[in-house]
Amino acid sequence: MKSNIAPAIRLTLVCAVFFSGIYTMVFLGIAKLAPNKGRGEVISSNGKTYYANIGQKFTEDRYFWSRPSAVGYNAAGAGGSNKGPSNADYLKDVAARIDTFLVHNPGVDKSSIPSDLVTASGSGLDPDISVQAARIQIKRIAAIRKLNEANLDEIITANTKKPLIGLFGTERINVLQLNIALDKLSNH
Amino acid sequence: MNTEILGIIFMYGLLLLLAIPLGRYIGKIFNYEQTWLDRIFNPLDKLFYKLGGINPDKQMNWKQHLVALLIINLCWFLICMFVLTNMSWLPLNPDGNPSMSGDLAFNTAVSFVTNTNLQHYSGESGLSYMGQLTLMLWQFISAATGIAICAVVFNAMKERTTDVLGNFYSYFVRSATRILLPLAFVVGVILLFNGTPMTMEGKDTMVTLQGDTVQVSRGPVAAFVAIKQLGTNGGGFYGPNSAHPLENTNYLTNIAQTVSIILIPMAMIFALGYVLKRRKLAWTIFGVMTIGFLFLLIPSVVSEMNGNPAIAKMGIMQQLGSMEGKEVRFGPAASAYWAINTTVTSNGSVNAMHDSMTAPTGMFTLLGMMINCFYGGVGVGFLNFYIFIILAVFVSGLMVGRTPEFLGKKIEAREMKIAMLIALLHPFLILTGTAIASHLYAHDPAAYAGWLNNPGYHGFSEMLYEFTSSSANNGSGFEGLGDNTPFWNIACGLVMIIARYIPIIGPVAIAGILANKKYIPEGAGTLKTDTGTFGIMTFAVIFIVAALSFFPALALGPIAEYFGMK
């Protein structure tokens, strides 16, 4: 038994140097070639930079809203609500979200609200919404910004990300990119 | 056809396509045959042996293997405790995160050394980069431990009589360098070029388009996530694991990660076929596992895509499915697919919050962990399945009135006792733990009710899930449970230790004892173990053990919740 102690300690140290140290350094080296040198993908607009994959809170009526977030889009403490599907308090929250949405979007039929707009995401940082979730907000934004609904429809189509190679996964829209396009449209 | 369904079919197809050749490669590694990567890895392994002071040619019997395994694991635990309780002053802490309390460090150290990766902390605020990189080390070498000990059992199953079964350290080093490292490299690079961060810089500040100021946690994520998935570890860099948009940036990274979860566990079955030169046996085992997997998978996908009936009642369309706790870029189908993948293997990473999934999916994720051998964790998944094979051989032997034999070795009372003990340990740990927690909750709600994020049946499921996940060395959670308390930290820590090492010791002992027995060549009277009939027999044994042990507990949790929502 004793004969195993020294090799165990030595082998662990070798593994630490190799798998924690060298392996990490190799990746840090390769990261120099990756988007934004491995510091997370960014997009720039009007001289400001944003993390492309980190969802932002959009609650003003003049922007397309992002999804509800259990952590208020805190990108230093992400998380979901972890509410169970049958939790009565949770279902009240959802009902309140539906009501709020209907107040801010008069004329919208309740049954056409897609579920992603009234449920919190897993990370609390979901950068995307569904296409239905964007379309249903057109009326409100067109009225506030005095824009043509057809033009809004166009930027939604232009910003829709198709499933991977057209075959796999969901259609989605990055809310930040959509809102940047929206600001541009308004400035024209 | 629906692109979400196509997505998961593609993921399974790609998995199978990769697992078959990988299995042959792993078989060659176990057999010490030549491979085209030898040029790189022969010198590297020699360096490991030399610096580690190891003679890789020294043969060990099964007891010596276990002693070597337990001592090196103890050594990891002690180092990990030291790092986690001293992170605040150790280097690589740009965000100034604190050290862990004793009970949380105990839970975390056990969790990572046992390949569980149950996390009672949140990565971005609870660990320094030093802590993260230390945990990443265990993600490599705890996985290599599982693969190495599985290699020992494969070796013992060969057609001969022997008491020596290779060298533990050698299997261990080869598993880490030749299997895990190259795969982690490929997956890590895919993640990196899809926008997963890999930097030692701390938090960044950004002003959003709407004008809010937010901080964004970064870190060496890509390297970490690759091995987290491949080694069935599952511990996330960030709190929400692979639901976090920096940890899993798009559908492509989701495919890469989902395939990685189950790739090595599946390949191990084909490696078995290669090592023993019994392809048909491997395909029989694969068939049983796959049927079990599909039984859990299909209803879960359907249930998530149908959405939450309670929200449907409010008049909200559920055509996008149940979206609470899910990300739009994955959708309900890929989230449910992941949930089953991560629970049948002992991975435990998530790309959606399991706590918020519909009741049937909650039940099938629990069942995946309760059975814990449909593919299973790297290496240990097969060891769990091996126990059920032994039981099935014995039961079938009794049914047809023959001496039970498996691969030319007689199964006798001693092996059966060990197998029975191991098969019953898992339900014992889960049910006892849940019973104690429920008792505390019911007995003194003032002190303990704060645990639960959800009332009623779902609250019970949260406690049941936590102990199931600990005992399956899985690590996922119904994360609404407020689990960073001394009770949960210590109770889950103890369960993880027992549930890791006893189910390794048992199968290795059985295999070691059988290897030492006289080899009886197959004859006309031998019960064939590579047939469909025997496959069904094994499946039945697994089903009966699971149903008898767990049905009452499931009835109080997810089943009651499901019917309560009707």
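All values derive from a computational prediction rather than experimental measurement. Every chain is numbered from 1 and lettered A, B, ... according to where its sequence line falls, protein lines coming before strand lines. Both backbone and side-chain heavy atoms feed into the values below; hydrogens, waters and symmetry mates do not.
- Listed here is the closest heavy atom pair of A:A120 and B:E324: N-OE1, 3.1 Å.
- Heavy-atom distances place the side chain of B:L246, and not its backbone, under 4.5 Å from chain A.
- For A:I98, the part lying near chain B is the side chain, with the backbone staying farther off; criterion is any non-hydrogen pair under 4.5 Å.
- Contacts between B:E327 and chain A at a heavy-atom distance below 4.5 Å involve backbone atoms as well as side-chain atoms.
- Note: B:F48 and A:F19 have tilted aromatic rings, judged against thresholds of 30 and 60 degrees for the angle between ring planes.
- The heavy-atom pair separating B:A310 from A:P85 by the smallest distance is CB-O, 4.0 Å.
- In this structure, B:H244 and A:A78 approach most closely via the heavy-atom pair CD2-CB, 3.6 Å.
- In this structure, OG1 on B:T196 lies 10.5 Å from CZ on A:F27, to the nearest 0.5 angstrom.
- For B:F193, the parts lying near chain A are the backbone and the side chain together; criterion is any non-hydrogen pair under 4.5 Å.
- For chain A, the nearby parts of B:L51 are the backbone and the side chain; heavy atoms of each come within less than 4.5 Å.
- Proximity of B:M206 to A:I54: side-chain heavy atoms (C-beta onward) are separated by under 4.5 Å at one or more points.
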- Item | Chi angles and distances behind the side chain to side chain donor-acceptor pair (under 3.5 Å) call for B:N453, A:Y90 | CA-CA 10 Å; B:N453 191 33; A:Y90 159 68; over 6 Å; no

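- Closest approach of B:M323 to A:S115, counting heavy atoms only: CG-OG, 3.7 Å.
- At a 4.5 Å heavy-atom cutoff, the contact between B:V216 and chain A is made by backbone and side-chain atoms alike.
- With a threshold of 4.5 angstrom between heavy atoms, B:M314 approaches chain A through its backbone and through its side chain.
- The contact between B:I141 and chain A is made entirely by side chain atoms (from C-beta outward), counting heavy-atom distances below 4.5 Å.
- When every heavy atom of A:N4 is checked against every heavy atom of B:A68, the shortest pair comes out as OD1-CB, 3.8 Å.
- Using a 4.5 Å cut-off between heavy atoms, A:D183 touches chain B through its side chain atoms alone.
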- Could you go step by step and tell me if B:V214 and A:N74 meet the side chain to side chain contact (heavy atoms under 4.5 Å, CB included) rule? CA-CA 7 Å; B:V214 292; A:N74 173 8; over 6 Å; no

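- Inter-residue side-chain proximity for A:F18 and B:L47 is flagged as unmet; no heavy-atom pair is nearer than 4.5 Å.
- By the 6.0 Å contact criterion, CG on A:N46 is open, its count of non-hydrogen atoms from other residues, nucleotides or ligands being 12 or less.
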- Item | Pair B:M200-A:L28, side chain to side chain contact (heavy atoms under 4.5 Å, CB included): steps then yes or no | CA-CA 8 Å; B:M200 297 307 276; A:L28 288 170; 3.7 Å; yes

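- For chain B, the nearby parts of A:K57 are the backbone and the side chain; heavy atoms of each come within less than 4.5 Å.
- A 4.5 Å side-chain heavy-atom check between B:I311 and A:V94 finds at least one atom pair inside the cut-off.
- Heavy-atom distances place both the backbone and the side chain of B:A176 under 4.5 Å from chain A.
- In this structure, the side chain of A:N87 does not engage the main chain of B:N454 through any donor-acceptor pair within 3.5 Å.
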- Item | Test log, rule side chain to side chain contact (heavy atoms under 4.5 Å, CB included), inputs A:Y73 and B:D212 | CA-CA 10 Å; A:Y73 284 92; B:D212 308 313; over 6 Å; no

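- With a threshold of 4.5 angstrom between heavy atoms, A:Y63 approaches chain B through side-chain atoms but not through N, CA, C or O.
- When every heavy atom of B:P245 is checked against every heavy atom of A:N53, the shortest pair comes out as CB-O, 2.9 Å.
- Between B:F185 and A:Y23, the gap from one ring centroid to the other reaches at least 6.0 Å.
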- Derivation and outcome, side chain to side chain donor-acceptor pair (under 3.5 Å), residues B:E561 and A:S86: CA-CA 7 Å; B:E561 186 182 16; A:S86 60; 2.7 Å; yes

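- Of the two parts of B:T208, the backbone and the side chain both hold a non-hydrogen atom closer than 4.5 Å to a non-hydrogen atom of chain A.
- Comparing A:A133, A:P127, A:G80 by how many heavy-atom pairs each has under 4.5 Å with chain B, the most go to A:P127.
- Defined by atom type and a distance below 3.5 Å, a donor-acceptor pair is missing between the side-chain atoms of A:E41 and B:T249.
- At a 4.5 Å heavy-atom cutoff, the contact between A:R67 and chain B is made by side-chain atoms alone.
- A:K48 NZ: more than 12 foreign heavy atoms inside a 6.0 Å radius.
- Residue A:L164 touches chain B through its side chain alone, counting heavy-atom pairs closer than 4.5 Å.
- In this structure, the portion of B:K203 lying under 4.5 Å from any heavy atom of chain A is its side chain and not its backbone.
- Contacts between A:L117 and chain B at a heavy-atom distance below 4.5 Å are absent for every atom of the residue.
- The OG atom of A:S20 lies 7.5 Å from the CH2 atom of B:W138; values are rounded to the nearest 0.5 Å.
- Within a 6.0 Å radius of NZ in A:K161, other residues, nucleotides and ligands contribute more than 12 heavy atoms.
- Contact annotation for A:T59: both backbone and side-chain heavy atoms come within less than 4.5 Å of a heavy atom of chain B.
- By the 4.5 Å heavy-atom criterion applied to side chains, A:D126 and B:R329 are counted as neighbours.
- In this structure, no portion of A:V42 lies under 4.5 Å from any heavy atom of chain B.
- The distance from the CG atom of B:L209 to the CD atom of A:Q56 is 6.0 Å, given to the nearest 0.5 Å.
- Residues B:L320 and A:Q132 are in side-chain contact: their nearest non-hydrogen atoms beyond the backbone lie under 4.5 Å apart.
- Proximity to chain B (any heavy atom under 4.5 Å) is shown, for A:P7, by both the backbone and the side chain.
- In this structure, OG on A:S3 lies 8.0 Å from CD on B:Q64, to the nearest 0.5 angstrom.
- In this structure, chain A has a heavy atom under 4.5 Å from the side chain of B:I79, while its backbone stays farther away.
- Both the backbone and the side chain of A:I180 come within contact range of chain B, each with at least one heavy atom under 4.5 Å from a heavy atom of that chain.
- In this structure, B:Y169 and A:L11 have side chains that are in contact, with non-hydrogen atoms separated by less than 4.5 Å.
- When heavy atoms are compared at a cutoff of 4.5 Å, B:A184 approaches chain A by way of both its backbone and its side chain.
- By the 4.5 Å heavy-atom criterion applied to side chains, B:N254 and A:F168 are not counted as neighbours.
- With a threshold of 4.5 angstrom between heavy atoms, B:V173 approaches chain A through side-chain atoms but not through N, CA, C or O.
- Between B:M136 and A:T24, some side-chain heavy-atom pair lies under the 4.5 Å cut-off.
- Taking SG of A:C15 as the reference point, atom CD1 of B:I72 lies at 6.5 Å (rounded to 0.5 Å).
- Interatomic distance, B:Q319 CD to A:S112 OG, rounded to the nearest 0.5 Å: 9.5 Å.
- Interface residue B:R218: only side-chain heavy atoms are found under 4.5 Å from chain A.
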